[in-house]
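Only a predicted model underlies this, so the values are computations on that prediction, with no experimental measurement involved.
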Amino acid sequence: MEYFLELSSSGLVRGSIYALIALGYTMVYGIIQLINFAHGEIYMIGAFVALIVSGVLTIYGFSGVSILILAGLIAVIYAAAYGYTLEKIAYRPLRNAPRLSPLISAIGMSLFLQNYVLLAQTPDFLRFPALIPDFEFMEPIAHIMGSPELVILVTSAVSRVGLTVLIKYTRIGKAMRATQQDMTMARLVGVNVDNVISMTFIIGSVLAAIGGVLVGSYIGQINFYIGFMAGVKAFTAAVLGGIGNIPGAVLGALVLGLTEAYAAGYISSAYEDVFAFGVLVLILILRPSGLLGKAVKQKV
Amino acid sequence: MPEVSKTMPEVSKTMAEPDNVLLDVKDLTMDFGGLRAIDAVSLNVCPGEIVALIGPNGAGKTTFFNCVTGIYKPTNGAVMVHPPEGKSQKINGFKSNRVTTIGMARTFQNIRLFQNMTVLENVMIGRHCRTTTSIIGAILRGSKTRRQERETIEISYDLLEKVGLVDFADEFAKNLPYGAQRRLEIARAMATDPFLLLLDEPAAGMNPQETKALDELIVRIRDKEKISILLIEHDMKLVMNISDRIYVMEYGKEIAQGSPMDIRNNPKVIEAYLGEDADA
């Protein structure tokens, strides 16, 4: 039983990280029907920026939590700038092009950003300091997870709640929902759709960067390639939950995380990806539009 | 402004002066590949007027609206606006959101509400271009943000009151009956603070009672809200009842314009349009 709970907690941690990245995929898809393949790279860049900043801050004698917060904040700002620029130069000029063109552009940007970091930094794995401090907390939970896990779960949950509130209650959130439902009409009621799309990329990038910082600190090492696998997994999670659907992305991510953890724990860690993608295949056969996705009527 | 509307038909027979025109479209032409959908159509709307644009199906009326509201970029011609406040400008090729911000709002022939948003939210989204809260503001919720939000909600309720939809404020737009959806579309367009409202077949699919209510609503918008109206409509009774002037299009060309009386008696119009559809 305890083993099961430990696996569950590690599954939820993975799931929480996938969720942070998957939200960016699903939001962008919801609004412009584009699979932003470069999204994983934003996550990776977020982790790199946090690593660099934390190094600098350590030299200047900052400590513990203050480094985590400052490095996280700067990583988030940096990633937001990358997300914004990405949309502006790689996707906006192709807004009215056939759907395949921005997709190719996205793959191109993904390769470009990977190799850019490879050249600018290093191909090797870099050690990432454990920024999340150890602290004592309640015994029954402490039995199955450490403080980094708890911090990841809480941060991810808070980010998700924040996103929900933003989309549901704020002016920009309403504009995002309107744009998602009918872009032409949104323009006609005076919504600046271009700004809304930029904002969607910015929000998605912020979430991805938060994920990047947490993962770096949790796993303890990063390299230029971490964005690829995380991106594929998060994309899987988004499809699993029904792409374009925000609660779906979170649910899909948690299902995926737990599947991987159980597969790794009860069978072998060599098989975790097999099970993860196996679940995806199964869902796509049984519910092609994803767990929470609605079937889209094909317009002829 | 009821006095204005009575005298308007006379004024409009001569070419109106620029300072007394809201929308002035000159020789608008729209080609789709080799097809000329609109051929040098000119039209103007003066303050306080209800102007109707009629014509058989496929005459290019909706295309005309699309050119004016920035969905299409016209091939040729000029779309000039002279807002009551603010400077006159040529708006060919402006994006729709800019056109709306300048002060022209429209509705669609087939209803295009945000189906999965509530009735109130649908109207509130219309206020988007008149408010400024940034994402930072939304997080910090300063006094300005809160005041703006309160105002947006007040104005939205006010508009729902005017179109008689207050009781449905928290329903999803898709659950409203058809006639109510039409009125909601008008309320949403009005929320953008327009000086000119472009209505594309507002009475389509409505029963006679609903049409009559709509007829009154449109006149009330003109009289009480001081919003001028340009409408496309097939319901001749509604058009003849409320319009100050009528333009008639056929096959992309303008074939007549004038007061409802002129149009009713114009042989060209009768041949093109009313002849085959006289008792509609």
Undergrad: side-chain contact (heavy atoms from CB on, under 4.5 Å), that's the test. Do B:Thr69 and A:Leu188 meet it? Break it down for me.
TA: CA-CA 8 Å; B:Thr69 54; A:Leu188 278 168; 3.8 Å; yes
Undergrad: For the residue pair A:Arg171 and B:His128, what are the closest heavy atoms and their distance?
TA: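 Looking at all heavy atoms of both residues, the closest pair is NH2-O, 2.8 Å.
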Undergrad: Tell me the closest heavy-atom pair linking A:Gly190 and B:Thr100, and the distance in Å.
TA: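 Minimum heavy-atom separation between A:Gly190 and B:Thr100: N-CG2, 3.6 Å.
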Undergrad: With chain A, which of B:Leu113, B:Asn122, B:Ile102, B:Thr131 has the greatest number of heavy-atom pairs at distances under 4.5 Å?
TA: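 Answer, by heavy-atom pair count under 4.5 Å with chain A: B:Thr131.
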Undergrad: If you take all heavy atoms of A:Val189 and B:Thr192, which pair is closest and at what distance?
TA: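 Shortest heavy-atom separation between A:Val189 and B:Thr192 comes out as O-CG2, 3.4 Å.
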Undergrad: How many angstroms lie between atom NZ of B:Lys95 and atom CG of A:Asn192, to the nearest 0.5 angstrom?
TA: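 B:Lys95 NZ to A:Asn192 CG: 7.5 Å, rounded to 0.5 Å.
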Undergrad: Just by modelled atom types, is the B:Asn116 backbone N or O under 3.5 Å from a matching donor or acceptor in the A:Gln181 side chain?
TA: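 Yes; at least one donor-acceptor contact below 3.5 Å.
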Undergrad: Grab the two heavy atoms, one from B:Met117 and one from A:Arg177, that are nearest each other, plus how far apart they are.
TA: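 Minimum heavy-atom contact is CG-NH1, 4.0 Å.
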Undergrad: Quick check: do B:Asn97 and A:Val193 have side-chain heavy atoms less than 4.5 Å from each other?
TA: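 When only atoms from C-beta onward are counted, A:Val193 and B:Asn97 do not touch, as no gap falls below 4.5 Å.
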Undergrad: More than 12 heavy atoms of other residues, nucleotides or ligands under 6.0 Å from CZ of B:Phe65: yes or no?
TA: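 Yes - once you tally the heavy atoms of other residues, nucleotides and ligands closer than 6.0 Å, there are more than 12.
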Undergrad: Drop me the distance from B:Thr107's OG1 to A:Met185's CE, to the nearest 0.5 angstrom.
TA: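 It is 7.5 Å, given to the nearest 0.5 Å.
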Undergrad: Who among B:Ser96, B:Gly70, B:Cys129 has the most heavy-atom pairs with chain A under 4.5 Å?
TA: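 Top count of heavy-atom pairs under 4.5 Å with chain A: B:Ser96.
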Undergrad: More than 12 heavy atoms of other residues, nucleotides or ligands under 6.0 Å from OH of B:Tyr178: yes or no?
TA: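 More than 12 within 6.0 Å, yes.
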